Each structure stands twice: as C-alpha cells, then as structure tokens.
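Here's the structure we're looking at; comments come further down.
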Amino acid sequence: MKMEKMAESINVYPGKHTSVREDHFSHQERDIINVLSKEFYVTNGGGIITLTSNSKYKYILLRPTDIYIEMFNLDREVIVLFSDYTNFQSRTLDAFEQAAKQLSSLRVDKTCYILISKDLNIEENISELIKKEPETANIVPFTYDETQKANSDGYFFRNRVQKYLYNRDLFSFEAPLKSDWLFFGRNEIILSTINRMKGGNNSGIFGLRKTGKTSLINAISRNLQKNGEIVTTIDCQSPSVNKRKWNEAIYYVCKKTKDDNYLQSYLPEEIEFTEKNSADILAKFVRDVNNERGKKLFLIFDEIENISRITSPTEHWSKGSDFLYFWQTMRTVFQTVGINLAYLIVGTNPSCIETPRIDSSDNPLFNHFTPTYLPGFDIRSTRDMIRRIGKRMGVNFEEAIYTNINEEYGGHPFLIRQVCSIIARRTFSQKKPISIGKISYRDAVKDFGENSFNYLEMIIGVLKEHYSEEYELLITLANEDNEIFKENSSKKQNSLAHLLGYGILGKDNDSYYFIIDSMRRYLLEINKYRKVETNIEQRWAEISERRNAVEKKLRTIIKTTLKSMYGEQLAKDAVLDILGKQRKHEYISKSINEIFDPNLSTIYFEDLRKIISKEWGSFENIFETSKKETFESLGFINKYRSDAHAKDITPDEFTIFRLSIEKIENDIARYFS
C-alpha cells in the first residue's frame, strides 16, 4: 500500500526515456515521436506488429503527464499505433490488440488508444467504425501531418483527446457485449461454468432478458477460444435453427462448428442427416473433431426457448416431438463420446429441464444438471462497472451512489447502466472531470422512472408471454394480495423458485418482496385493477376512476361517429331527441361540440348508453359484443356511479362491474389504437 502511494505521488513530465529505440521508424515517424515527447512521456519504442505479409504496423508506449492524469483519468501507459496506409481498415484494431497482448495487462490502458494514420479522413472513418461497432475502445485519431500542429498550438493534443474521450456515452450499450473491456462481473460464473464443462459436465444458465446472458456466453466462448478449445454458439432464435426439423438442426450444429473453427473433418451433406442416422453421424463427427485438434468440443445453445416445447415459435418444436428427439440425440452422443463433448444451455426459464415427461416419453434433459441463475451484480461489481466506465468519460461518482443504485435496481446491470447513461449525457457540455453527487443521482433516477416502462416490459415481457404462472404471482404480490400469493405460491413451487432465481423477488422469513421496486411499480401500474383483496373505499375509488375515464372517451366516440355519419346538424338532432324536452329546449342553440362539452352541457352516462342503443347501426363495428351485451355492460357500469354510492358493494357486484367495464375499455382502446 505504501508503494502504491509513493508511485501515485511521482510527477510525470513530458519527455522520452533514454532507452527508447526508434531505428524501426521512418524519419517522419521519428519527428512525430519527438512532437509527442513534448506533450507526453515516451517510455518504450515498442516494435512492429505483423498481421499479414501486407499488413504491418508500428507502435510506441507513452505515459500521460500530470495534466492528462488529472483531466482524463489516464493513469496507465497508452499505446500509440502508426499506420502508414492511406485507407483505414478495421483490422487496425487487431494491431492494437496484438500490441496489448505483448505488454503487461496491468501496465497498458486497454480502453484508450492513439492512432497516427496517413488516411486524411481518419476522423470520419473512426466515427463510422464506432457507429457500426459501438464496443470499439476509445481511439483518438491523428493524421501524420496534423501532429505538427502541436508545435504552434499548445492545446492541440489535449483538445483532441477530450473530443474522443468525453463526448461518447459508454453506458448506453443495449446489444450483447462482444469484447472484454466493457464486460464486468460474472467472473465466478464464467470460471465455474468452464470448469464444469471441461470436467465433462453439461450446464444451464438462466435469467431474464437484459441480464447479460448473451454477453456472458460471449465471454465464456472467448475464454475457451483463448485456450485453443473447439467452441461454437448456436443461436436458437435464428430461423436457421428453429425452422429446421430436429435432424436438420443436428446438421446445422455440425456445420456451424466446422465453419466457426475452420475444421477439416469430413461432414456429410444435410440430406444424409436422416431421423435414423443423425445420432451416428453426430457421434462420428465429434470423434473426428476431437482427433483433428486433440481438443474437446463445447457447444453453447443460446435462447433455448426457441427450440423448446410450448415456447418455440415453430410448431414442430412447440407441439411435435422435435425437442424430444433432438435432446435424445445430444444426450446419447454425450454418453457415447464421454468427456470429449459438453454443452451449455442458456435461456430465460429452466422449465425445459424440470419437466419429467414429454408426452409419453422421459424428458432427456430432466434433472440433467442443476440450473444456474444469473444473479444481479453485488455492490463490488456495480462499483467496478460504474467507476471504470465513468472514469473513462471523466465522470466520477461519490461512493454512496454505488450502494444506492445497486439497491434501487437489484444489481440489474442493464437498468443501472441506463441510469448512469442519463447522468453521463448531462455532463457532455460540462468541464471534466466532474464529480456526481446524490442530487444528480436522484434526478437521474426520477427521470429514468418516468421513462422506464419500455425497458421493464422488455425484461419481464417474456414471463407474460410464455410463463403465465410466474407473471400472475408477480401481479398478485405487486397488488398486495398477500393471502392469495401465499396460497398460489405454495402450489407453484417451481415458479416461485424461478422468480427468486431471477432476482426479481427476495425472501424475508416467510414473506416475499420485490428486489427491484421499479418493477413492482410497473406491474402495479399496468395491473392496478386486478387487486383482489379490496376494501369498500378501494372499490369505490376504482369504480369512480374507471367510469369517469370511460365516460370521457365515450363522449368523444359518439360525437365523432355521429358527425361522420350524419353531419353536424343531423347528429345534433339525433342527440337532442334522446335528451328529453327540457334539455332539448335548453341546448337547441348549442353546437354538437358544446352539447358534449361537460363544462357547457349536462349529458349523463345513461344518455350515452341510450344514444349508442338507438343509433346501434353507427356503433356496431366499434363494440365487439352484440347490442344486447353492450347495452347490459353499459348498464352495469352506470349502476355503480359516484352519486349512487351504496353503503357497500359486494365482491360479486364488484366482479361484475370489472368484467363489464373491461369489455368497454377494450373496445375503446381498439377504437383509439
């Protein structure tokens, strides 16, 4: 610890270490290095990176001086790559990676690079690259010639670094991560999964959308590939997989394995993968692959729901026997070739391994392995992610924020990053580095809360679509129907275990609660009229709120429809005929818009009901049910109005009201959609 403090206190000034070798650089490149040494401290003359016979790059290392450490949090050495090609190619990124591999990972900054290029449009090309590949590390580009501007402009380098480091939102990625520098946490799961698979055991990882499952398996794949293992990922969401019959899918797995790993092993044509011999062909292919490379084969099946019973979008998987035959084949081959094959199943829900029977046959995946759930980040991982990404953007967070944001969003990395993204974007025009305190944080949480429903729907929508038992349990708990939740959860232990595994719910003794409170608020908002355990005040409040909303929209529908059918005058006459002599006399001079304006005229809910009934021919395409059923539904709604409050409304009466108004609300929603 003392040594660290001493190292941090050493000042860094511009210059060049005496041991720096420059003989492999051109005269122009040496001039550029001299210019750089007036702004940074050049520590190492680097070397030459050869990607192909026609693709060579040179690099040096430099240490940021005190002003760069203070302004940009650049506290490690930075790779400067020289590219003397006049057209920028994305393979230049490979050269950065190769240079970084040759150096100590603790010494070099892998989130920020400097590129000196002979491409006169290098800035535009780098911007285009970032648009196409948003995970690209921060690259600060210069042309060979423009580096000389630093001789007359003392802020030239500093301004360029600020442009490329501080005006990019590194928190906002929504696609799965494919590189390491933005990947945080999950190291224990990665190592334990790899160790299990290397030991000849299959595995399953499950979690909700946007928890980082695909980013995780990308990381697992990268780690296996670094050790020379044979690995391929099968995206079951692709029609190339789920549109195929099970035996054709076996061929696809083999073909993708061969292509991804540049294997030479013989693979028969797809037509030869019949239902009778696909298992034998797969077993032989696995053995051949093992012999060719002397390595095991690792298969990763992502989005497993797409080839599972019930949840697959394709009928032969969802209702037919394809799931059964596919996994019978995989398990048979797994048992045949021993530890030379292992597979990882990744999806939302582990029901595919929890169902004991498929029709009249045993489920080959039943209890095949214990599912691993992808948990939320702990405070340490949350801190590491926010601190390191924020640091690269010149945004520093107070320590208390790491704990607060982790608790607020249950460690859900995607939600946490969206809040941090709001904070980061607000700092783009401010002087960096900047410190973020509780006020800025609470403002961002408030703004995100007002616009977070789309994200939350994205995360748990799959439960609503495919796993209704789990979704219904969440609604029941959100509405505080505690006795019903207790009764239903005791009957649906697997569903409850999934919700706990996802990290949506937590348990405190015998009680359950939402770990992510914004998810509870979201579910409550879209299901607030489904609360079962209600008192009289809650019933009347709901009746008043829903009835008033329906009445307002019915006024608009009736007015618009009649005007469209008859024109303003005839529409007005049709309405006045319903209202009776007194109101007809009072409103004869008013326009139809004024008659339907509650501030200018009095039209009751019963009037609306009678108009719809009398003019049914104009409204029959708006309401799904018959005239009689619609009239009855409107009658039940009208019965329970605020000026007709009884001392009580029974649960049965309240249920009838809900059924009636839901029909009308659905009709109204369709009309305005």
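The shown structure was predicted, so the numbers you read here are calculated from the model rather than taken from an experiment. If you read the sequence from its start, that first residue is 1, and numbering goes on from there.
Taking 4.5 Å as the limit, every side-chain heavy atom of R387 sits out of range of all side-chain heavy atoms of F397. Residues D384 and R388 meet the side-chain proximity criterion, which asks for heavy atoms closer than 4.5 Å. The side-chain heavy atoms of V140 and I126, taken from C-beta on, include no pair separated by under 4.5 Å. Side-chain contact between P375 and Y502 is absent, with no heavy-atom pair separated by less than 4.5 Å. Residues L129 and L93 have side chains in contact (heavy-atom distance under 4.5 Å, counting atoms from C-beta outward). Between Y467 and E305 there is a side-chain heavy-atom pair separated by less than 4.5 Å. Y59 has its side chain out of reach of F96: every pair of non-hydrogen atoms, C-beta onward, lies at least 4.5 Å apart. The closest side-chain heavy-atom distance from N201 to F369 is not below 4.5 Å.
By the neighbour-count criterion of 12 heavy atoms within 6.0 Å, atom NZ of K464 is sparsely surrounded, having that number or fewer from other residues, nucleotides or ligands. Atom CZ of R425 sits in a crowded spot, with more than 12 heavy atoms from other residues, nucleotides or ligands closer than 6.0 Å. Other residues, nucleotides and ligands contribute more than 12 heavy atoms inside 6.0 Å of the CD atom of E450. Heavy-atom contacts from other residues, nucleotides or ligands closer than 6.0 Å to CD of Q430 number more than 12. Within a 6.0 Å radius of CD1 in I526, more than 12 heavy atoms belonging to other residues, nucleotides or ligands are found. A 6.0 Å sphere centred on CZ of F672 holds more than 12 heavy atoms belonging to other residues, nucleotides or ligands.
No donor-acceptor distance shorter than 3.5 angstrom exists from the side chain of D481 to the backbone of K531, with no hydrogens or angles considered. Of the possible donor and acceptor atoms, one in the side chain of N349 sits under 3.5 Å from a partner among the backbone N and O of S351. At least one donor-acceptor pair closer than 3.5 Å links the side chain of K256 to the backbone N or O of T233. A distance-only check finds no donor-acceptor pair linking the side chain of S381 to the backbone of F377 [under 3.5 Å]. Remark: side-chain polar atoms of S172 are paired, donor with acceptor, to backbone N or O of D169 under 3.5 angstrom. In this structure a side-chain-to-backbone donor-acceptor pair under 3.5 Å is missing from D302 to D235. Remark: side-chain polar atoms of S318 are not paired, donor with acceptor, to backbone N or O of I310 under 3.5 angstrom. The main-chain N or O of V161 is never found under 3.5 Å from a side-chain atom of Y68 such that the two would form a donor-acceptor pair. Formation of a donor-acceptor pair under 3.5 Å by the N479 side chain with backbone atoms of T476 is not found in this model. With Y343 contributing its side chain and L297 its backbone, the two residues share no donor-acceptor pair below 3.5 Å.
Qualifying ring-ring contact (aromatic ring centres under 6.0 Å, His included) partners for F514, counting only residues two or more places apart in sequence or in other chains: none. In this structure, the side-chain contact (heavy atoms from CB on, under 4.5 Å) partners of R63, at least two apart in sequence or on a different chain, are V12, Y41, T43, E77. Take E545 and apply the salt bridge (Lys or Arg N to Asp or Glu O under 4.0 Å) test, not counting sequence neighbours, and it matches K528. The side-chain hydrogen bond (donor to acceptor under 3.5 Å, both in side chains) check on T534 picks up R539, with sequence neighbours excluded. Not counting sequence neighbours, the partners of E354 by the side-chain hydrogen bond (donor to acceptor under 3.5 Å, both in side chains) test are H498. With sequence neighbours excluded, the residues satisfying salt bridge (Lys or Arg N to Asp or Glu O under 4.0 Å) with D517 are R520, R521. Taking the side-chain hydrogen bond (donor to acceptor under 3.5 Å, both in side chains) definition, one finds that S489 meets it with nothing, sequence neighbours left out. Y522 meets the ring-ring contact (aromatic ring centres under 6.0 Å, His included) test with F453; sequence neighbours excluded. Scored by the side-chain hydrogen bond (donor to acceptor under 3.5 Å, both in side chains) test, N242 finds T314 as partners (sequence neighbours excluded). For E483, there are no salt bridge (Lys or Arg N to Asp or Glu O under 4.0 Å) partners, not counting sequence neighbours. Partners of E665 under the salt bridge (Lys or Arg N to Asp or Glu O under 4.0 Å) rule, at least two apart in sequence or in another chain, are R546.
Counting all heavy atoms, side chain and backbone alike, S308 lies closest to F323 at CA-CD1, 3.7 Å.
Proximity of the aromatic rings of F448 and Y455 is defined here by a centroid distance below 6.0 angstrom, and this criterion is met. For W327 and F366, the ring centers are positioned 6.0 Å apart or more.
Distance CD1/I79 to CG/D109: 9.0 Å, rounded to 0.5 Å.
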Item to check | CA sep, side-chain torsions, deciding dist, call: R160, E123, salt bridge (charged side-chain N to carboxylate O under 4.0 Å, His left out) | outcome: CA-CA 10 Å; R160 182 67 60 84; E123 284 200 78; 3.5 Å; yes
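Each side chain to side chain donor-acceptor pair (under 3.5 Å) pair with one or both residues in residues 401-414, not counting sequence neighbours, appears once here: T382-N406.
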